[in-house]
Amino acid sequence: MMETDMATIAEMLKAFALGFGLDLLGAILILIVGWWVAGRAAALVRHSLRNAKFVDTTIKPLAASIVRYVILIIVLIAVLSNFGVQTASIIAVLGAAGLAIGLALQGTLSNIAAGVMILVLRPLKVDEFVEAGSVSGTVVEITLFTTLFKTADGVFISAPNSQIWNSAIKNYSRNPTRRLDIKVGISYDDDVDAALDFLKNLVASDPRVLKDPEPMSFVATLGESSVDLTARGWTNTADFWATFWDLSRRSKTELEAAGFSIPFPQRDLHIKEGAETASTVAPAKSAPATSTPAKKPAARSTAAKPATKTAATKTAATKSTAAKKPAASKSTTTKS
């Protein structure tokens, strides 16, 4: 009897292992084939949309990613159904799991929503140079979760879509034209009107500067050591930086060649000394030169007179320092 029971159990375990092994093998096979199909389908979508002119370049990589993830979800459902799990229960489990995951991953799901909004409203596109918050660079790709950038010095940046969408986006490539300002300072002794005409003609002479709007020049500020002038013109966005660098160099060299001077930042200090103060300080120091006890009253009277003059002179010096501010106060401190 015991041997019959052991044989039955062995047969049951053998049948279970054979059935489970076949299910496991089928699941592994489905996973491998599904993973390969998902990758091939994404590559096919990416390749087919590469030369499609009616589809924006920003949407192409995102469409390939969506196709890949959809196929992978279908593969996962097929693997579970291979083990005998009902499809209805799978959908219910996925719905509950999706709700729980959505609550736990609010930030991650917000990246998906932000990526969809970026694709719909298109504040930025691939190959445009933008600045969004603390990130700036040329847009390389917009994926389901992140936006990829390449900075001007070749650094790779991957920023979450929510960070880009929640920031003010400054797009430097969207408009066809841009304004450039050439700023330069001249000496206060130079002819301002002549320098303004020279700068205006300098900007207008560059063929990359547009004739409409017409270039202009004006006095921007009166600085501490220079009169700051600005020459303004408009150019195509593609020519902006080359034109800006070229005109900045020419404004320095050609202004100096024309006789204008570009001063260094400097500050002039003028120290003024009062002759009255110098003459009154000396008697006050020599006043106590008395040795005879009999001449004490005379010594007091002679000492009192210079003291009165000194006080009056100090009052005058104080008034002059109030009028002349730092210069006189500095000289009074030096003399004392």
Subject >> Trace of the side-chain hydrogen bond (donor to acceptor under 3.5 Å, both in side chains) decision for Ser248 with Ser251 >> reply: CA-CA 5 Å; Ser248 297; Ser251 64; 5.4 Å; no
Heavy-atom closest pair, residues [X] and [Y]:
X	Y	answer
Ile186	Ala195	CD1-CB, 3.7 Å
Ser225	Pro263	O-CG, 3.2 Å
Trp165	Leu121	CH2-CD1, 3.2 Å

Original post:
Going by an N to O cut-off under 4.0 Å, is there a salt bridge joining Asp181 and Arg232?
Top reply: yes
So, [X] side chain and [Y] main chain: donor-acceptor pair closer than 3.5 Å or not?
X	Y	value
Asn171	Arg174	yes
Thr253	Arg249	yes
Asn161	Thr147	yes
Ser226	Asp228	no
Asp206	Arg208	yes
Asn111	Ser162	yes
Ser173	Phe129	yes
Ser136	Val130	no

Hey, does [Y] have a side-chain heavy atom less than 4.5 Å from the side chain of [X]?
X	Y	value
Val135	Gln163	yes
Leu180	Trp234	no
Ser205	Arg250	yes
Phe145	Ile112	yes
Phe240	Arg179	no
Val184	Ile262	yes
Tyr172	Glu128	no
Ile169	Leu124	yes

Is there a continuous path of hydrophobic side-chain contacts, each under 4.5 Å between heavy atoms, that joins [X] to [Y]?
X	Y	result
Val219	Tyr188	yes
Leu199	Leu222	yes
Val227	Phe264	no
Val37	Val45	yes
Val120	Ile164	yes

Measuring from [X]:[atom1] to [Y]:[atom2], what's the distance to the nearest 0.5 Å?
X	Y	atom1	atom2	answer
Asp191	Asp193	CG	CG	5.5 Å
Ile142	Lys125	CD1	NZ	10.5 Å
Phe260	Phe198	CZ	CZ	7.0 Å
Ile182	Lys252	CD1	NZ	15.5 Å
Asp239	Thr177	CG	OG1	11.5 Å

**OP:** Fit a plane to each ring of Trp241 and Phe244, take the angle between them on a 0 to 90° scale, and name the class: parallel (under 30°), tilted (30 to 60°) or perpendicular (over 60°).
**Re:** perpendicular
Original post:
Asp190: what forms a side-chain hydrogen bond (donor to acceptor under 3.5 Å, both in side chains) with it, not counting sequence neighbours?
Top reply: Ser261
Subject >> Chi angles and distances behind the side-chain contact (heavy atoms from CB on, under 4.5 Å) call for Leu148, Ile157 >> reply: CA-CA 6 Å; Leu148 309 181; Ile157 296 179; over 6 Å; no
**OP:** Apply the test side-chain contact (heavy atoms from CB on, under 4.5 Å) to residues Met117 and Leu119: give CA-CA distance (whole Å), side-chain angles for both, the deciding distance (0.1 Å), then the verdict.
**Re:** CA-CA 5 Å; Met117 296 301 296; Leu119 291 174; over 6 Å; no
Original post:
Quick check: are there more than 12 heavy atoms from other residues, nucleotides or ligands sitting under 6.0 Å from CD of Glu214?
Top reply: no
Would you give me the side-chain donor-acceptor pairs under 3.5 Å for residues 63-74, sequence neighbours excluded?
residue	atom	partner	partner atom	Å
Ser65	OG	Pro61	O	3.1

Subject >> Steps toward side-chain contact (heavy atoms from CB on, under 4.5 Å) verdict (Leu229, Val192) >> reply: CA-CA 9 Å; Leu229 311 180; Val192 176; 4.3 Å; yes
